Amino acid sequence: MSLDKLGKTFKKAREELKLTQKEVALKAQIHFNHLYRIENGKAKPTTAVAERIAKALKIKISLPS
């Protein structure tokens with residue numbers, strides 16, 4: 001999944017759940033600024049961070065190995 005697509009997937013899921021970036025970031029144990037940058041394709045999350053965000057959003061993602 002591309003960086004831009006991953007960010008858009010996270011943002012769409014977050015908005016559908018009506019959660020703020022701060023709420024998701026808290027659940028994923030990251031800073032909300034980092035989540036903002038990921039959602040906007042400006043930062044690449046580590047696999048662990050991407051998995052924590054996905055878990056916080058209750059979605060499944062497929063990352064390249």
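The residues of the chain are indexed from 1 along the displayed sequence. Everything numeric here is computed off the predicted structure, so don't read it as measured data.
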Kindly indicate, with the supporting measurements, whether the criterion side-chain contact (heavy atoms from CB on, under 4.5 Å) is fulfilled by Val49 and Ile38. CA-CA 10 Å; Val49 167; Ile38 291 168; 4.2 Å; yes
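- Note: the hydrophobic cluster containing Ile61 also contains Val24 (ILVMFWY, side chain heavy atoms under 4.5 Å, direct or indirect links).
- Each salt bridge (charged side-chain N to carboxylate O under 4.0 Å, His left out) pair with one or both residues in residues 25-43, not counting sequence neighbours, appears once here: Arg14-Glu39.
- The CG atom of Leu57 sits 11.0 Å away from the CD atom of Glu15 when rounded to the nearest 0.5 Å.
- If you take OH on Tyr36 and NZ on Lys22, they are separated by 14.5 Å, rounding to the nearest 0.5 Å.
- Taking every heavy atom of both residues into account, Arg52 and Ala28 meet most closely at NE-O, 2.7 Å.
- The side chain to side chain contact (heavy atoms under 4.5 Å, CB included) check on Glu23 picks up Leu19, Thr20, with sequence neighbours excluded.
- To the nearest 0.5 Å, the span separating NZ on Lys55 from NZ on Lys60 amounts to 11.5 Å.
- Closest non-hydrogen pair, Leu6 versus Pro45, comes out as CD2-CG, 3.8 Å.
- For Lys44, the side chain to side chain contact (heavy atoms under 4.5 Å, CB included) criterion is met by Leu3, not counting sequence neighbours.
- Under the 4.5 Å side-chain contact rule for hydrophobic residues, Leu26 and Ile30 do not share a cluster.
- In terms of heavy atoms, Ile59 sits closest to Phe10 at CD1-CD2, 4.0 Å.
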